[in-house]
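Computed from heavy atoms alone, side chains included, the values below leave out hydrogens, waters and symmetry copies.
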Amino acid sequence: MDVDEARWRFGAARVARLATADAKGAPHIVPVTFALDADRVYSVLDAKPKRSRRLKRLANIAANPRVAVLADEYVEDWMRLWWVRAEGAARIVADGPELETARELLAAKYEQYRGATRLIGPAIVVMVERWTGWRARERERT
């Protein structure tokens, strides 16, 4: 799978998994909603209930900015399987124009963010340095 196809499949996915690691290398993975803009992946903390606002993913990124974000499609027809991984450096954006850009991109992608579920920030911004992916067979882009 070439980079353009990987980017296209990743951007069209509805959910991804964000993998971080703490300063000692202990892994942590969570599902995230996201928006893609070229080689930047944006995810913003939303108002859905959480156990705490002190999220492990944010602490991990502060300690170790190296992350991976994985999007995939699983269906019973295994000839239609695919996955794409975006690897890079993440940072936390708590305010300013880049946070607003992230919120706008997510609201454009997810109807839920145009309604009652607000994006309260901060944003995780991943600068993708490497795209990798796999698919079971050729298929037309839709």
Side-chain angles (χ1 to χ4, degrees), residues 1-137 139 141-142:
M1 176 183 306
D2 67 23
V3 170
D4 289 336
E5 181 181 358
R7 220 183 263 117
W8 171 79
R9 287 182 185 275
F10 187 95
R14 301 301 293 164
V15 67
R17 286 102 188 134
L18 171 67
T20 63
D22 65 18
K24 294 180 181 178
H28 179 73
I29 189 164
V30 293
V32 294
T33 54
F34 70 95
L36 178 64
D37 184 21
D39 286 325
R40 287 187 185 181
V41 178
Y42 294 99
S43 183
V44 179
L45 182 64
D46 62 33
K48 289 190 307 288
K50 295 166 180 51
R51 281 189 241 168
S52 167
R53 290 288 177 215
R54 297 179 60 212
L55 298 178
K56 180 78 171 156
R57 68 193 96 160
L58 299 180
N60 283 358
I61 290 168
N64 177 0
R66 304 303 307 166
V67 303
V69 189
L70 178 77
D72 68 312
E73 179 168 279
Y74 178 85
V75 292
E76 295 303 321
D77 175 0
W78 285 9
M79 294 306 293
R80 294 176 44 210
L81 301 177
W82 63 265
W83 61 263
V84 173
R85 183 176 55 237
E87 299 172 60
R91 58 193 167 78
I92 307 301
V93 176
D95 56 25
E98 194 168 27
L99 176 59
E100 291 309 311
T101 296
R103 288 177 175 163
E104 289 169 7
L105 289 169
L106 269 88
K109 183 173 182 178
Y110 300 98
E111 182 178 339
Q112 296 88 333
Y113 293 142
R114 290 176 240 146
T117 305
R118 294 183 344 268
L119 294 165
I120 59 174
I124 296 169
V125 182
V126 179
M127 297 299 300
V128 179
E129 299 162 2
R130 182 174 179 214
W131 291 98
T132 54
W134 171 88
R135 63 173 151 37
R137 68 172 181 193
R139 82 174 179 188
R141 294 181 188 182
T142 56

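L81 is listed as a side-chain neighbour of W134, based on a closest heavy-atom distance under 4.5 Å. With contacts defined as side-chain heavy-atom distances shorter than 4.5 Å, the pair Y113/T33 qualifies. A 4.5 Å side-chain heavy-atom check between T20 and V30 finds every atom pair outside the cut-off. For the pair R7 and D4, the minimum side-chain heavy-atom distance is below 4.5 Å.
Here salt bridge (Lys or Arg N to Asp or Glu O under 4.0 Å) pairs that include residues 10-20, with residues two or more places apart or in two chains, are R17-D72. Listed by first and then second residue, the salt bridge (Lys or Arg N to Asp or Glu O under 4.0 Å) pairs involving residues 104-113 amount to none (not counting sequence neighbours).
Closest approach of A136 to M79, counting heavy atoms only: CB-O, 3.4 Å. Of all heavy-atom pairs spanning P122 and L58, the tightest one is CG-CD1, 4.1 Å. When every heavy atom of M1 is checked against every heavy atom of W83, the shortest pair comes out as CE-O, 4.1 Å. When all heavy atoms of G121 and L99 are compared, the pair lying nearest together is CA-CD1, 4.4 Å. Nearest heavy atoms, I61 versus V67: CG1-CG1, 4.0 Å. Here the closest non-hydrogen pair linking D22 and N64 is O-ND2, 3.8 Å.
In this structure, K56 NZ and I29 CD1 are separated by 14.0 Å, a value rounded to the nearest 0.5 Å. Atom CZ of R135 sits about 13.0 Å away from atom CD of E73, to the nearest 0.5 Å. Atoms CZ and CG, on F34 and L105 in that order, are 11.5 Å from each other to the nearest 0.5 Å. Annotation: the span from E100 atom CD to L119 atom CG amounts to 10.0 Å, rounded to 0.5 Å. To the nearest 0.5 Å, atoms CG (L18) and NE2 (H28) are separated by 8.0 Å.
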**Item:** From CA spacing to verdict: side chain to side chain contact (heavy atoms under 4.5 Å, CB included), V15, V32
**Value:** CA-CA 6 Å; V15 67; V32 294; over 6 Å; no
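Under a 3.5 Å cut-off, the side chain of R114 and the backbone N or O of A107 do form a donor-acceptor pair. Panel note: side chain D37, backbone R40; no donor-acceptor pair is recorded below 3.5 Å.
Note on ring orientation: taking the six-membered ring where Trp is involved, the planes of F10 and W131 are perpendicular (angle over 60°, cut-offs 30° and 60°).
Partners of Y42 according to the ring pair (Phe, Tyr, Trp, His ring centres under 6.0 Å) rule, which considers only residues two or more places apart in sequence or in another chain, do not exist here.
Remark: R66 CZ is packed, more than 12 non-hydrogen atoms of other residues, nucleotides or ligands lying under 6.0 Å away. Surrounding CG of D95 are at most 12 heavy atoms belonging to other residues, nucleotides or ligands under 6.0 Å away.
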